[in-house]
4 protein chains.
Amino acid sequence: MTATTEGLTGLERRKAETRREIIEAAFTCFAEQGYHATGIADIAARIGIGHGTFYRYFENKRDIVEHVITDLIDRIVAALGAENAPDAVSTLEEYRAQTARIGTALAQIFSEDPRVASLLLSAAGIDDAMRERMLDLFATTTPLTAAYLEHGVRLGYLRADLDVEPTAQAINGMILGSVLAGMRDPAPAQQERLSAAIRAVMYDGIAAR
Amino acid sequence: MTATTEGLTGLERRKAETRREIIEAAFTCFAEQGYHATGIADIAARIGIGHGTFYRYFENKRDIVEHVITDLIDRIVAALGAENAPDAVSTLEEYRAQTARIGTALAQIFSEDPRVASLLLSAAGIDDAMRERMLDLFATTTPLTAAYLEHGVRLGYLRADLDVEPTAQAINGMILGSVLAGMRDPAPAQQERLSAAIRAVMYDGIAAR
Amino acid sequence: MTATTEGLTGLERRKAETRREIIEAAFTCFAEQGYHATGIADIAARIGIGHGTFYRYFENKRDIVEHVITDLIDRIVAALGAENAPDAVSTLEEYRAQTARIGTALAQIFSEDPRVASLLLSAAGIDDAMRERMLDLFATTTPLTAAYLEHGVRLGYLRADLDVEPTAQAINGMILGSVLAGMRDPAPAQQERLSAAIRAVMYDGIAAR
Amino acid sequence: MTATTEGLTGLERRKAETRREIIEAAFTCFAEQGYHATGIADIAARIGIGHGTFYRYFENKRDIVEHVITDLIDRIVAALGAENAPDAVSTLEEYRAQTARIGTALAQIFSEDPRVASLLLSAAGIDDAMRERMLDLFATTTPLTAAYLEHGVRLGYLRADLDVEPTAQAINGMILGSVLAGMRDPAPAQQERLSAAIRAVMYDGIAAR
DNA sequence: CATGAATGAGAATTCATTCAT
DNA sequence: AATGAATGAATTCTCATTCAT
């Protein structure tokens, strides 16, 4: 019994479960058909509830997509957080390994569930607020990456003259690009080549020595 | 008198002008409110024509967005094409300069017209076909960048062991990231810092030497 | 409790009732104003439902007119079928009586509900498919009448040299004509005179003996 | 030079010609696609004039269909009128021959131009006024046929006890039926069989003697 | 006179949301 | 609490008609 269901009556547990099912169904629908092409009825039908019931769990269509996105972001952040410990790294070698692990974790998330990329890609088209939200999401990752860089600079295994924040943005851009590339060609071999190329650029640049 | 209006009667010129005005208006509407929140009536009202008139110029709502996007992409490609000559570069120095110029050109496009990024960002949410189109657009840029890298490898000023294609993708990812970053913080100073960071990563990597 | 409502819940009964009300209302509207001049809103307003509700019962405007027409034809065929038993007739006298009964039944249908003729008359103008349908309807009646004639020829109370099928068509033509005549002058006396004249022509011809 | 064009200037003649072309084109369009599915633009395009020009010749869409129908009816009446001379007939034999000639003339009109039946059939669906007009048309033919019958009764070659008017209606009904039948099966052989059957019914009835 | 660009009234249809059962 | 019947705001698109060129 997890923390969230602890102390709940059977009914409350059941409600929480339905709530989760709705989020799941909505996730799938939004990813497959897009937000606007998805009707509340589609979501409800997918899990076999009446579409009126939907409104007992969520305020409206906007509310559900908000939850779906939030949920998704939480999952991604959690997955990254598991690998996320800038302080645990103290040499370039360890950093490289850490980078590889993060790359793998991300690849996992996106390739094991194609809905993830689909949804994120189309989310910006939902409305102004959601577009802002997506930009925020991308922006949020900057300090995360920046923390690693900062740590590396402090410990001396990264260039002393790194302009940390924009460099973090650049790196995250590469990751974003790899996500998009993965949508068109999800072959693991390609993913791996791209991942390796990103690390090569990161550590050594492209210039001949 | 430009090539496109040469030999046209006054009426034909007027029609072409209206057509352009509609595309412009639609561009603005889509960028500001998003595709789905924009009605044909909004577009027509913006330039003071009846909404029936719209349908004399474009088949339907889908048709206009197609034209808006195509137009936009053409403009971007044209802007990049002006700087696009891999063969004209023969040393790393020249290449760095070339990269800087391309970065500047891109920055120009995106910062001088905030609608550009807005529209591109939300375009993927219009429908499946458009999402595909956006992914294609990103994919199209890969061989462009790859051509530069290829040339550099051949001439020896870029690493001999570059895995050209995925490296090109990685670089384009950084550019994409800088576009997104520019949407949140369009300050030229930030843009410039990011642009510099990208070039730094590209050429020298982040590792201390 | 009729067979069609047996075993239905109150709600199902209510739905079936609404469905019927819509068909009725559409029937009236189409007959009064014609198919093209009738809007879905007119039909809905006539029975005091929202026009969106209409679409819960019928696919679209074409769907409802299809049902209205089918319904109408079914009613006519049922009314005729009640009198329809070629084999039950074995003398000319009986045949004359039978003919009179059928004529009366038809007159009943058309005169008790003026919408019937109105709708049938204008139905051919709805679209190509419906025109075909109306021609089919008329064609369908030929074998029906032909069966009577055939039977009479076999039993010897009708001319041995009758060209059965076209003769049946001719007779049905007279019936059709009487329907049209009834639309302009629905007076029962006129109807009766016409009916008698038809029978006179049928049995004795117009030539002096 | 016919009476209608006599004394006209070249311009007036040209206008009259265009007017006629428009009626012809409208006739074809209405017959092929039906009144409602036909746009003014379709009519204009068919004869290669601008659709604005249409309005220099006819008030509006309703106006043109009125003219098309009137024109058509005039043509039919004219064709029938050529054979129409009740007084010229003085024996049953002559009457039979006359009937046959009229039948042939009608068959000619309807089979040589399939648009005729198409248009008449769908005309009733145009609007209330036109439906009335079609009913009027059918009613108009009654006195025409009745005149023949009257004449025949007076001269003694038709039954003395004929109820002339409704009998005329009955006969016209058969003719109407044959027109409809001809739409589904325009084969001349079928037409001829039907025509013969109508005459057989008319003169001798269907009863065995 | 001919033209076709512009117009907007009007119609069909969809779907998020409400609420009685 | 669950349901789905009802609703109407909103949107797309058509086409007869007008009128400036």
Side-chain angles (χ1 to χ4, degrees), chain A residues 11-12 14-15 18 35-45 48-64, chain B residues 9-12 14-15 17-19 36-45 47-64, chain C residues 9-12 14-15 17-19 35-45 47-64, chain D residues 11 14-15 18 35-45 48-64:
Chain A
L11 195 88
E12 279 167 327
R14 175 77 198 125
K15 285 209 74 171
T18 300
Y35 175 75
H36 287 103
T38 297
I40 297 299
D42 296 329
I43 299 170
I49 63 171
H51 66 275
T53 309
F54 170 90
Y55 288 91
R56 302 208 152 271
Y57 292 87
F58 296 92
E59 283 293 310
N60 51 38
K61 195 177 175 183
R62 192 54 219 285
D63 188 27
I64 181 67
Chain B
T9 71
L11 201 104
E12 279 166 328
R14 188 65 222 285
K15 284 209 79 174
E17 199 183 316
T18 300
R19 205 183 148 79
H36 287 103
T38 297
I40 297 300
D42 298 327
I43 298 171
I47 55 175
I49 62 172
H51 66 278
T53 307
F54 170 90
Y55 288 94
R56 293 187 57 74
Y57 291 86
F58 296 93
E59 284 290 312
N60 49 40
K61 196 177 172 182
R62 192 56 217 281
D63 189 26
I64 182 67
Chain C
T9 71
L11 202 104
E12 280 166 328
R14 188 66 222 285
K15 284 208 79 174
E17 198 183 316
T18 300
R19 205 183 147 80
Y35 176 75
H36 287 103
T38 297
I40 297 300
D42 297 327
I43 298 171
I47 54 175
I49 63 172
H51 66 278
T53 307
F54 170 90
Y55 288 93
R56 293 187 58 73
Y57 291 86
F58 296 93
E59 285 290 311
N60 50 40
K61 196 177 172 184
R62 193 56 218 283
D63 190 26
I64 182 67
Chain D
L11 194 89
R14 175 76 197 126
K15 285 210 75 172
T18 300
Y35 176 74
H36 287 102
T38 297
I40 296 299
D42 296 329
I43 298 171
I49 63 171
H51 66 275
T53 309
F54 169 91
Y55 288 91
R56 302 209 152 270
Y57 293 85
F58 295 93
E59 282 293 310
N60 51 38
K61 195 178 174 183
R62 192 56 219 287
D63 189 27
I64 181 69

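Fair warning: this is a prediction, and the values are worked out from it, not measured in the lab. Convention: sequence-line order gives letters A, B, ...; per-chain numbering from 1.
The distance from atom CD1 of D/Ile64 to atom P of F/dT17 is 12 Å, rounded to the nearest whole Å. If you take CG of B/Leu11 and P of F/dC19, they are 18 Å apart, rounded to a whole angstrom. The CD1-P distance, from A/Ile40 to F/dG4, rounds to 15 Å in whole Å. Here the C1' atom of nucleotide E/dA5 and the OH atom of D/Tyr55 are 14 Å apart, to the nearest Å. As rounded to whole Å, 13 Å separates atom C1' of F/dT17 from atom CG of D/Asp63. Protein atom CG of D/Asn60 is 8 Å distant from nucleotide atom P of F/dT18, rounded to whole Å. Per the geometry, CG belonging to C/Asp42 stands 12 Å off C1' belonging to E/dA12, to the nearest Å. Rounded to whole angstrom, the span from the CZ atom of C/Arg19 across to the C1' atom of F/dA6 amounts to 17 Å.
Between A/His51 and A/Ala44, the shortest heavy-atom distance links the atoms CA-CB, 3.5 Å. Taking all atoms of both residues into account, the shortest heavy-atom contact from B/Asn60 to B/Tyr55 is CA-CE2, 4.0 Å. Across B/Lys15 and B/Tyr57, no two heavy atoms sit closer than the pair O-CE2, 3.5 Å. For A/Lys61 against A/His36, the heavy-atom pair with the smallest separation is NZ-O, 3.8 Å.
The nearest heavy atom of DNA chain F to A/His51 and to A/Arg56 marks one nucleotide each, and the one closer to the 5' end goes with A/Arg56. Residues B/Gly39 and C/Gly48 each lie close to DNA chain F; by heavy-atom proximity, the contact nearer the 5' end of the strand is made by C/Gly48.
If you check every strand for non-hydrogen atoms under 4.0 Å, D/Thr18 touches nothing.
Between A/Thr53 and F/dT3 there is a side-chain polar atom (N or O) within less than 4.0 angstrom of OP1 or OP2. A sub-4.0 Å separation between OP1 or OP2 of E/dA6 and a side-chain N or O of B/Tyr57 is present. Checking the phosphate oxygens (OP1, OP2) of F/dG4, no side-chain nitrogen or oxygen of C/Lys15 falls inside 4.0 Å.
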Bracket string, DNA chain E, 5' to 3' - pairs by Watson-Crick or G-U geometry under 3.5 Å, | interstrand: .||||||||||||||||||||
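Distances from the side chain of D/Lys61 to the nucleotides E/dA2, F/dT17, E/dA16 place F/dT17 closest. Between E/dT3, E/dA16, E/dA6, one nucleotide has an atom nearer to the side chain of D/Ile49 than all others, and that is E/dT3.
Proximity of C/Phe58 to C/Ile40: side-chain heavy atoms (C-beta onward) are nowhere separated by under 4.5 Å. Between A/Arg62 and A/Tyr35, the closest side-chain pair of non-hydrogen atoms falls below 4.5 Å.
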